[in-house]
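Below: one structure, written as structure tokens.
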There are 2 protein chains.
Amino acid sequence: MTNTIKNMDELAKASGVSRPTVSKYFHDPDSVRASTRERIEAAIRAHDYRPNIYAINQNRKLTKNVGIVVPHLADPFFAEIARAIEQLCIEAGFSPTMYSSYGDAQQEIEILDSLRSLKPAGVLLAPLGHDSDLKRLEKFCKSVPTVLVDSNIQGLGEAFIGSDNASFVNQTVEYLVRTGEPPLFFEMETPSNPNADHRRETYIAKMDSMGFEPEIVGVPGKGWNFEEIGYRGAHDLLDKGIPKRSILCSNDRLAIGFLSAAYERGLTVGRQPGDTLRLASNDDHPYARFTCPSLTTAAHDYEAVSTHSVRTLVERIEQGSALRTRQETRYPARLVLRNSS
Amino acid sequence: MTNTIKNMDELAKASGVSRPTVSKYFHDPDSVRASTRERIEAAIRAHDYRPNIYAINQNRKLTKNVGIVVPHLADPFFAEIARAIEQLCIEAGFSPTMYSSYGDAQQEIEILDSLRSLKPAGVLLAPLGHDSDLKRLEKFCKSVPTVLVDSNIQGLGEAFIGSDNASFVNQTVEYLVRTGEPPLFFEMETPSNPNADHRRETYIAKMDSMGFEPEIVGVPGKGWNFEEIGYRGAHDLLDKGIPKRSILCSNDRLAIGFLSAAYERGLTVGRQPGDTLRLASNDDHPYARFTCPSLTTAAHDYEAVSTHSVRTLVERIEQGSALRTRQETRYPARLVLRNSS
DNA sequence: TAAAAAATTTAACGCGCGATAAGTTTGACC
DNA sequence: GGTCAAACTTATCGCGCGTTAAATTTTTTA
């Protein structure tokens with residue numbers, strides 16, 4: 001008796017209203033009179049009715065779906081960004097779906113391809129960067145309102161919202177210099193993300209401007225096992241002796257690997273007089289508090305990036321195909337002092 | 001000229017076949033003659049056509065969708081399980097979608113509710129456990145073929161596939177006893193997962209059977225910030241002096257917090273003669289290799305769990321509503337010896 | 001209380017595809 | 001060359017809803 005309702009027609013009859021009115025109700029509950037709204041809602045509750053999504057989306061010009069695409073969900077940084085964005089999308093009345101390309105450009109394209117057939121209202125995309133298939137990405141961005149997050153690709157999408165890499169590195173370099181000595185820059189030889197390039201460039205510029213000689217160590221290794229790469233790279237580096245007392249890692253995951261290697265070698269890392277090394281990094285990874293020693297790092301403004309990017313996408317969706325000028329927004333970092341330097 | 005094709009009718013005309021044949025092709029490309037298959041595929045390529053998912057799913061009795069629901073995607077353990085399962089589902093010809101309840105029972109229910117309207121062929125569910133709304137969960141499992149993963153709930157779903165908690169703890173306890181002394185068990189006072197209970201029970205039973213007195217420390221704290229909880233709990237514990245030389249943590253994330261606290265206190269953890277503490281744990285968290293010292297732990301058989309659970313679900317889907325007896329499968333752990341004990 | 005405005009009803013079409021039945025063509029085989 | 005099954009075509013219905021237009025009712029406003 002409670003589950004005999006299969007479609008809107010029956011729901012309409014059960015609640016004593018016409019089907020177009022019920023349809024209107026689902027489109028916007030406030031568009032019907034309070035009295036009819038209550039009748040409809042009573043029937044919905046009584047029969048546990050939910051409209052058929054597929055029938056809805058087939059006929060609507062625009063769905064309420066949004067895609068969230070990140071390079072690697074197993075990376076806590078992206079997991080956190082994705083979580084925040086997902087929540088905000090729900091609050092804005094959309095149905096977000098999360099996708100991860102797991103560092104694979106081919107999969108990134110496949111995700112976007114299958115996303116296209118979901119006719120999403122919009123997409124929040126944190127692209128792989130260098131590895132991405134730019135032509136396919138560009139084609140996609142032209143067919144679906146897309147906002148780029150975290151990693152920028154020139155001219156692509158409606159807008160870019162991310163973190164200001166220069167702010168990160170300037171603060172960490174400044175801090176290390178002010179409280180000790182100019183740092184060596186420790187990074188991946190072939191980073192899988194454009195942000196790494198900006199960090200390197202900022203490091204060089206900053207060192208130059210302060211009158212120091214930039215010194216960069218690029219460790220080999222591909223893929224997304226950054227800790228492993230940092231670990232091996234640190235061992236290789238330290239095999240040749242300690243190059244400098246201060247080290248700045250391009251990102252926290254490399255630093256985690258570095259600290260692990262340093263620990264194994266019995267090197268003490270920190271700002272105490274007896275310590276052999278000082279280490280700082282960027283990102284404020286969720287585990288940066290729990291490394292040994294805890295990691296001095298520059299923190300993203302997760303909340304600002306996620307709220308701004310969702311807000312931008314929603315605005316873009318609501319005002320239709322209004323092509324404003326593409327805006328790029330970069331939020332500064334917040335230096336977090338811990339025990340590693 | 002290339003994008004004038006909107007539906008199957010036009011695609012059929014463009015390729016010179018009838019629409020039912022095209023429909024048949026999409027259902028199973030091998031069900032049409034090779035020559036017509038080529039003609040269709042040529043037209044698809046030429047016009048970049050993709051069938052409308054919503055129209056397809058509206059009419060199919062069963063969709064090809066499967067839901068993957070985990071308690072917390074930001075936890076690397078679940079991120080890894082979800083990734084593996086997602087990949088296997090794709091290979092099996094399904095369209096997986098990932099959902100995370102982020103530790104919130106209310107959200108777990110909402111996910112399942114919205115999942116229901118996607119008419120999924122099946123669901124792979126790693127339930128929250130204690131916190132889950134069992135009645136709603138039960139209702140859901142009756143309406144959608146569901147396979148439980150990682151965390152079992154008696155009688156729920158078609159099957160359960162997870163890890164054998166007893167195997168984990170038996171191995172870690174045995175190892176600690178054999179190479180040193182019986183361990184203290186370090187866990188959360190109110191764990192958010194039934195697996196923790198099984199681990200505790202196994203610890204007690206194992207200690208009893210070996211003739212030792214079980215000793216358990218339950219640290220306060222709620223939520224999913226296990227590292228933080230372990231960190232604070234360790235400090236509290238160590239404030240009262242070192243209770244025992246061997247400590248077994250219920251899971252790696254607690255251990256990561258513990259190691260961080262121990263490091264801050266200048267305690268050396270390991271199996272060397274001079275070390276003050278030995279620490280072991282369970283899960284083989286992706287970062288267990290990079291803690292300081294690296295963590296001795298019991299590893300899940302990720303691959304076995306994920307392949308078996310996907311295979312079970314696919315079988316269940318393909319053989320319709322064949323109600324076999326519910327099976328529970330638990331894979332044993334693999335002890336990973338590192339430097340913490 | 002009448003007129004205007006808002007809400008609702010009735011009727012009907014379309015979306016893109018699944019599915020089926022009956023007739024027609026194709027290709028393999030002896 | 002004839003036979004027959006497999007493959008294909010034509011025709012047609014239905015899915016559950018969006019959407020629209022015109023007619024009707026209800027509520028608000030003057």
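The structure displayed is predicted, hence computed values, not measured ones. Numbers restart at 1 for each chain; the letters A, B, ... are given by sequence-line order, proteins then strands.
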* To do: With DNA chain C as reference, determine whether Arg33(B) or Arg60(B) sits nearer its 5' end, using the nearest nucleotide of each.
  => Arg60(B)
* To do: Assess whether atom CD of Glu328(A) is packed by more than 12 heavy atoms of other residues, nucleotides or ligands within 6.0 Å.
  => yes
* Polar contact flag, side-chain donor to acceptor under 3.5 angstrom, Glu108(A)-Ser132(A) -> yes
* Asked: Looking at Ser23(A), does any N or O in its side chain come under 4.0 Å of the phosphate oxygens OP1/OP2 on dG18(D)?
  -> yes
* Structure fact -> Whichever of Ala55(B) and Gly16(B) has the more 5' nearest nucleotide on DNA chain D, that residue is Gly16(B)
* To do: Using a 4.0 Å heavy-atom cut-off across all strands, classify Pro51(B) as base, sugar-phosphate, or nothing.
  => sugar-phosphate
* Asked: Can you tell me if the side-chain N/O atoms of Tyr49(A) get under 4.0 Å from OP1 or OP2 in dC17(D)?
  -> yes
* Taking only the side-chain nitrogens and oxygens of Ser31(B), find out if one of them lies under 4.0 Å from OP1 or OP2 of dA7(D). => no
* To do: Would you mind reading off the distance between Asp28(A) atom CG and dG18(D) atom P, rounded to a whole angstrom?
  => 13 Å
* How long is the line joining CZ of Arg19(B) and P of dC13(D), in whole Å? -> 13 Å
* To do: Answer yes or no: are there more than 12 heavy-atom neighbours, outside Gln327(A) itself, under 6.0 Å from its atom CD?
  => no
* In whole Å, what is the span from the CE atom of Met8(B) to the P atom of dT9(D)? -> 14 Å
* For Asn52(A) and dG14(D), give me the distance from atom CG to atom P, rounded to whole Å. => 18 Å
* Asked: Between Arg83(A) and Glu86(A), is there a salt bridge with N-O shorter than 4.0 Å?
  -> no
* To do: Provide the start and end nucleotides, 5' to 3', of the part of DNA chain C that has atoms under 4.0 Å from heavy atoms of chain B.
  => dG16(C) to dG27(C)
* **Phosphate OP1/OP2 of dC8(D) contacted by Thr36(B) side-chain N/O (<4.0 Å)** => yes
* **Asn59(B) CG - dC15(D) P separation (whole Å)** => 10 Å
* **Rounded interatomic separation in angstrom, taking CZ from Arg37(B) and P from dA6(D)** => 17 Å
* Whole-Å distance between dC15(D) C1' and Gln58(A) CD? -> 9 Å
* Angle class for the His72(A)/Tyr102(A) ring planes (parallel below 30°, perpendicular above 60°, tilted otherwise)? -> perpendicular
* Asked: What is the distance from NE2 of His27(A) to C1' of dT20(D), rounded to the nearest Å?
  -> 14 Å
* **Pairwise side-chain contact, Val17(A) with Tyr25(A), heavy-atom cut-off 4.5 Å (strictly under)** => no
* How is Ser18(A) classified with respect to the nucleic acid when contacts are heavy atoms under 4.0 Å: base, sugar-phosphate, or nothing? -> base
* **Contacts of Arg136(B) that satisfy salt bridge (Lys or Arg N to Asp or Glu O under 4.0 Å) - sequence neighbours left out** => Asp113(B)
